[in-house]
Amino acid sequence: MKILIADAGATKTDWVKLISGSDASTWMEERHSGVGISPLHHDTDMIEEELRLVRAALGETFDSIRFFGAGIGSPVIAGKMESILSEMFTCNDIKADSDMAAAAKALLGSEPGIACIMGTGSNSCHYDGVTIDRKSVSLGYLLDDEGGGVSFSRRLLSDIFKGLAPRDIIDEFERKYPLSVSDVVDHLYRRPSPNRWIAGFMPFIVEFYGHPYIESMVRSQIKWFFDREFASYSEKELRQEGIGFVGTVADVLRNMIEKEVTDRGWRMRSIVRQPLDSLVAQFKVLKKN
């Protein structure tokens with residue numbers, strides 16, 4: 001049995017091919033990483049071009065394909081992605097679902113709770129232990145995504161170019177990124193995937209996290225995110241069921257996130273950098289049984 005599982009974010013997509021042994025309990029794995037894929041934001045030609053690279057790396061015939069991705073928020077978009085996958089691979093069992101579903105399954109398993117993504121962007125949902133029964137409204141990186149890399153980096157860029165950041169931080173930034181205002185405007189309004197470009201400054205924030213300005217900026221952004229993102233959930237859901245977090249930003253800021261959850265009297269579940277490993281483990285058990 002050959003299974004292909006994908007976890008697609010705005011910045012990158014991780015793929016795993018599973019091949020079962022003769023006793024259905026032994027599995028071989030092959031992995032491949034590529035660019036982010038979103039059937040909502042990317043056209044079919046771009047997605048197919050990336051899938052050709054996946055096909056060359058991992059093969060084209062599978063018994064099952066599971067694709068979890070950003071931008072798959074409706075049956076229509078899921079159907080579009082499934083159609084593209086069926087054109088590019090030989091497989092009779094193809095299902096596309098949201099990155100939010102991947103996060104919920106990876107973090108919470110079969111228990112109810114709140115799952116939250118903090119990567120390039122951010123979002124959250126309530127999971128009843130089987131399916132997502134309620135999801136926070138996400139308006140994208142222009143109006144939303146407070147807890148994502150775009151939000152932190154957007155604040156940093158604004159402070160740098162307005163001269164609000166300390167001089168030593170501005171000097172370090174200019175040394176690493178010789179950008180003019182015109183360069184920034186060009187990336188934001190004339191080049192593709194501006195959200196990825198903005199989020200690309202998150203490593204600078206991580207590198208200088210010990211600086212009082214960076215730490216204060218991040219802390220204020222985290223509090224703002226918590227105030228807004230979790231306002232729609234009940235105290236029972238927050239205190240008893242708890243919250244789990246997925247994403248690179250969540251992993252980097254785990255100590256601050258855990259403290260914020262504890263200070264508010266909520267239940268902390270887990271923080272996972274990437275949901276793929278948990279999804280792979282669950283899929284192995286499912287297929288074994």
Fill in: Ring geometry between H187 and W197 (parallel below 30°, tilted from 30 to 60°, perpendicular above 60°)
parallel

Worksheet item: Can we say K223 and D263 salt-bridge, meaning some charged N sits less than 4.0 Å from an Asp/Glu carboxylate O?
Response: no

Practice prompt. Output yes when D171 and R175 qualify as a salt bridge under the 4.0 Å nitrogen-oxygen rule, no when they do not.
Written response: no

Discussion item. For a quick test of reading the model, state the closest non-hydrogen atom pair linking I169 to F204 and the distance between them.
Written reply: O-CZ, 3.8 Å

Worksheet item: Quick check: does any side chain N or O of S153 sit under 3.5 Å from a backbone N or O of I198, one acting as donor and the other as acceptor?
Response: yes

Worksheet entry | E49 atom CD, neighbour heavy-atom count above 12 within 6.0 Å | no

Discussion item. Check E82 with K95, please: is the shortest side-chain N to carboxylate O separation under 4.0 Å?
Written reply: no

Worksheet entry | Donor on one side chain, acceptor on other, Q221 and S151, under 3.5 Å | yes

Item to complete: Establish whether Y213 and Y209 are linked, either directly or via other cluster members, by ILVMFWY side-chain heavy-atom contacts under 4.5 Å.
Response: yes

Discussion item. Hydrophobic clusters here meaning ILVMFWY residues chained together by side-chain heavy-atom distances under 4.5 Å, can you tell me if M81 and F62 are in one?
Written reply: yes

Worksheet entry | Check: E260 side chain, F226 main-chain N or O, donor-acceptor pair, under 3.5 Å | no

Worksheet item: Does a side-chain N-to-carboxylate-O contact under 4.0 Å join K2 and E60?
Response: no

Item to complete: Hey, could you give me the CZ/CZ distance between R239 and R264, rounded to the nearest 0.5 Å?
Response: 11.0 Å

Discussion item. Whether the D7 and Q274 side chains hold a donor-acceptor pair (N or O, under 3.5 Å, no angle test) is what I'd like checked.
Written reply: no

Item to complete: Examine distances only and state if a side-chain atom of S20 and a backbone atom of M1 form a donor-acceptor pair shorter than 3.5 Å.
Response: yes

Discussion item. Would the distance check show the side chain of S83 and the main-chain N or O of K80 forming a donor-acceptor pair, the cut-off being under 3.5 Å?
Written reply: no

Practice prompt. Spell out, yes or no, whether L108 and I243 are grouped together once hydrophobic residues are joined by side-chain heavy atoms under 4.5 Å, including indirect joins.
Written response: no

Practice prompt. Could you tell me whether R191 and D183 have a side-chain N and a carboxylate O separated by less than 4.0 Å?
Written response: no

Discussion item. Can you classify the ring geometry of F173 versus Y177 as parallel (below 30°), tilted (30 to 60°) or perpendicular (above 60°)?
Written reply: tilted

Item to complete: Kindly indicate whether the side chain of E87, heavy atoms from C-beta on, has any atom under 4.5 Å from the side chain of T44.
Response: no

Fill in: side-chain contact (heavy atoms from CB on, under 4.5 Å) partner of R66, chosen from D93, L4, I3
D93

Worksheet item: Among side-chain atoms of H126 and E241, is any donor-acceptor pair under 3.5 angstrom?
Response: yes

Item to complete: Quick one: sort the F230 and Y233 rings into parallel, tilted or perpendicular, breaks at 30° and 60°.
Response: tilted

